[in-house]
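Let me begin by presenting the structure, written as structure tokens, before commenting on it.
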Amino acid sequence: MKDYIVKDPWQIIEDQYRAEYNEISESIFSIGNGRMGQRANFEEDYTGKSLQGSYIAGIYYPDKTRVGWWKNGYPEYFAKVINSTNWIGLHLVINGHTLDLAKIEVLNFERRLDMKTGVLYRNFKAKLPDDTVLEVSAKRLFSIVETAAAGLSYCLTVMQGRAAIELESYLDGDIENRDSNYDEKFWEEVSRSANDTLGLQLKTKKTAFHVHTEALNNLFVGDAGIPSTALENREKYVAQKFQFSLEEGQHFELNKYVAITTSENHKTEDLQHVAKQVLERVSHQGIRGMLQNQADAWAKVWNDADVQIDGDVSAQQAIRFNIFQLFQTYTGEDERLNIGPKGFTGEKYGGVTYWDTEAYCLPFYMATTDSKVARNLLLYRYHHLPKAIENAEKLGFRNGAALYPMVTINGEECHNEWEITFEEIHRNGAIAFAIYNYVRYTGDTDYLAAYGLEVLIAISRFWTQRVNWSADKNKYVMLGVTGPNEYENNVNNNWYTNRIASWCMEYTGKVIKDLEQNAPERLREILEKVSLENKEQVTWNHIVEQFYYPEDASKGVFLQQDGFLDKELITVSELSDAERPLNQKWSWDRILRSCYIKQADVLQGLYFLEDQYDLETIERNYNFYEPMTVHESSLSPCVHAIIAAKLGKEDKAYEFYLRTSRLDLDDYNNDTEDGLHITSMAGTWMTIVEGFAGMRVLDGKLHFQPILPKEWSGYNFKINFRGAHLHVSIQQDKTIIANETGPAAVVVIDNEEQEINEGQEFRFSNPRLALN
């Protein structure tokens with residue numbers, strides 16, 4: 001764990017130059033706009049430890065799978081959202097010395113991310129070998145108004161001495177991915193130009209995505225514009241060069257505007273023309289105009305999505321950082337896009353989609369944005385249904401059974417670890433649960449008739465073929481799976497997988513019955529389209545009734561899988577710190593034989609299906625499994641925090657909140673340098689809203705069961721519930737809920753029910769809080 005980020009409610013601040021943490025900071029200070037984004041690399045040359053990264057949503061390369069032992073069913077490639085043209089680059093030579101913070105004396109340094117306005121700032125003072133002292137002030141943004149545009153301002157002042165400056169501002173397309181399986185470069189040049197503007201068009205090998213980058217440089221010394229003195233034009237690289245001198249006290253300012261257009265959104269032959277139009281608009285606004293528009297746009301986002309915490313700056317900074325990065329990664333404008341676990345902040349996981357989206361991100365977007373945003377996340381999976389059916393067919397399933405991929409960008413499975421690709425099939429359950437969760441929260445039952453039921457039927461067909469009858473147990477069982485706890489592979493009867501499979505089939509049958517009553521014609525169309533016969537539903541019912549779930553009656557707990565109690569049950573508290581994290585200190589063999597749990601597994605099922613279990617059952621399982629959980633998955637702390645809050649374990653809930661919310665800011669797992677944990681950031685929001693506030697939806701009504709961490713004097717947040725924009729304020733002695741705009745909402749706290757109309761607020765007493 002590291003603790004070098006300055007605590008501030010709206011800013012992320014690094015207050016000195018730390019070369020050893022630079023890649024961590026590059027991740028933390030990443031910026032984006034949902035269409036594209038970038039690590040916080042320096043504009044000028046830097047020969048120290050760095051991972052250069054600039055990424056564009058939806059643009060990927062199928063990097064050939066690299067495995068030692070090929071198995072039937074393996075995907076041939078791992079899809080990667082790849083590193084793209086480096087547009088921020090500045091090569092600066094001053095008095096013959098290259099400006100490179102790894103090679104010169106840094107006198108002071110600050111990197112600052114303003115979350116309120118979505119702007120990255122950097123300031124430093126440095127001394128060259130000839131004792132010339134320079135001060136640099138840089139700012140950078142990805143516009144969330146003009147989402148094909150970005151810009152930067154770079155200002156250098158001579159504080160001591162005189163400076164003969166050679167400046168080269170460039171676009172560099174000769175880039176690579178550090179994680180390339182075969183050290184291959186993924187881009188080919190299509191065209192380039194270097195005139196008044198710089199233009200570079202590349203296309204990906206194999207997938208043939210075209211990306212055009214157009215840049216405009218405006219350089220000023222004082223108020224005087226400085227023209228370029230030369231152009232550089234070589235393969236995959238274009239630049240404008242400037243030469244000039246500054247006396248002590250003088251400065252230059254370079255404003256660099258960029259437009260990035262792709263063949264995903266425009267015709268290939270139009271990319272340069274569209275980019276020039278975008279460039280003209282943003283350069284006309286100027287950097288100051290872009291900054292003002294950015295601030296106004298982010299103000300609207302924060303008005304709907306902010307969470308305010310009173311009395312705890314560390315917690316306040318953390319939740320805003322998580323919310324900020326989520327909206328930088330995904331805005332919901334394009335149903336073809338989804339959320340990668342690292343977003344635009346690094347290469348790990350390839351920027352592709354996992355089950356994290358449905359399990360963790362969907363609740364955040366349902367409550368903080370228009371419902372169409374969450375709907376688009378579901379539509380992403382609906383449009384990939386044919387591919388999910390193909391994926392299942394490759395593994396021997398038939399009759400329209402669907403296995404959604406563990407990892408994908410276009411619907412095809414592209415994960416190549418057998419214990420994940422073939423066995424971690426619980427991801428199907430998360431997708432089905434997301435449909436249920438969306439309809440429960442939004443009331444959009446039309447989605448089931450239009451899209452959802454087809455997905456549910458295909459998933460249920462998969463489960464019926466994946467189980468088998470055990471004559472020994474006289475039950476249906478599910479063999480050879482990996483549950484959410486990836487520190488167990490190839491187990492039999494993972495409780496969570498069995499439970500979510502059974503629930504899926506049961507819910508699918510319920511949806512069919514509901515549509516029989518409410519949309520019989522549409523139901524008939526669906527059943528004819530997928531050729532579903534009644535005998536299949538009979539089979540589903542029989543499996544549900546006869547499914548096997550491992551449990552231990554004496555302990556009163558569900559067993560994570562068959563044989564779990566054969567393990568030596570040693571709690572995490574008995575491990576020495578020197579052995580943690582296990583995935584970096586232990587052999588895989590030792591991990592697999594241990595009782596240690598990477599993330600919520602049984603508890604994941606109890607979180608999803610909590611309304612089917614009493615509080616005592618949930619508590620027994622929590623008390624049994626949490627002490628053996630090492631939380632070495634970023635997705636683990638939030639589920640534990642939510643359950644701990646429900647059980648009244650407030651100290652534990654707060655401990656897990658800090659861990660999930662500051663996971664990257666404090667580098668808990670020693671892996672922030674690879675990129676941020678974007679999907680788990682949604683879990684941070686869930687920890688507050690579903691955990692501390694206890695928000696649930698039951699029978700179309702919002703229920704709250706609030707607690708207040710002792711470190712806080714209060715907290716409040718806003719949610720959009722079925723069109724009602726509600727402001728929820730939780731204080732020591734009361735909860736205040738105001739309906740700012742929209743239809744009436746029914747709210748229940750401690751069995752006190754109140755309909756709150758637009759413009760009204762209601763104050764609930766909090767017996768649970770008053771006891772603390």
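The model shown is predicted, which means the values in this text are computed figures rather than measured ones.
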Supply the atom-to-atom distance H426 NE2 to F608 CZ, rounded to the nearest 0.5 angstrom. 9.5 Å
Anything under 30° is parallel, anything over 60° is perpendicular, the rest tilted; go ahead and classify Y715 against W712. perpendicular
Could you tell me if the ring centre of F656 sits under 6.0 Å from that of H631? yes
Within this structure, what is the CG-CD1 distance for the pair L515 and I526, rounded to the nearest 0.5 Å? 6.0 Å
Can you tell me how far the CG atom of D312 sits from the OG atom of S713, to the nearest 0.5 Å? 9.0 Å
Ring centres under 6.0 angstrom apart (Y507, Y436): yes
Closest heavy-atom contact between W463 and A501? CD2-CB, 3.3 Å
Can you tell me if CD on E528 sees more than 12 non-hydrogen neighbours from other groups inside 6.0 Å? yes
Among W495, Y549, Y625, Y548, exactly one meets ring pair (Phe, Tyr, Trp, His ring centres under 6.0 Å) together with F558. Which residue is that? W495
Flag yes if more than 12 heavy atoms outside D699 fall under 6.0 Å of its CG atom; otherwise flag no. no
Would you confirm whether the ring centroid of W10 sits within less than 6.0 angstrom of the ring centroid of W302? yes
Under the 3.5 angstrom rule, does the side chain of N757 hit a backbone N or O of Q760 as a donor-acceptor pair? no
Y380 vs Y382, ring-ring contact (aromatic ring centres under 6.0 Å, His included): CA-CA, chis, key distance, verdict: CA-CA 6 Å; Y380 178 88; Y382 173 77; over 10 Å; no
Derivation and outcome, ring-ring contact (aromatic ring centres under 6.0 Å, His included), residues Y404 and W355: CA-CA 9 Å; Y404 276 92; W355 66 288; over 10 Å; no
Interatomic distance, CG@D306 vs CD1@I319, rounded to 0.5 Å, equals 9.0 Å
When you look at F717 and W685, which way does the ring-ring contact (aromatic ring centres under 6.0 Å, His included) test go after all the steps? CA-CA 10 Å; F717 54 87; W685 178 91; 7.3 Å; no
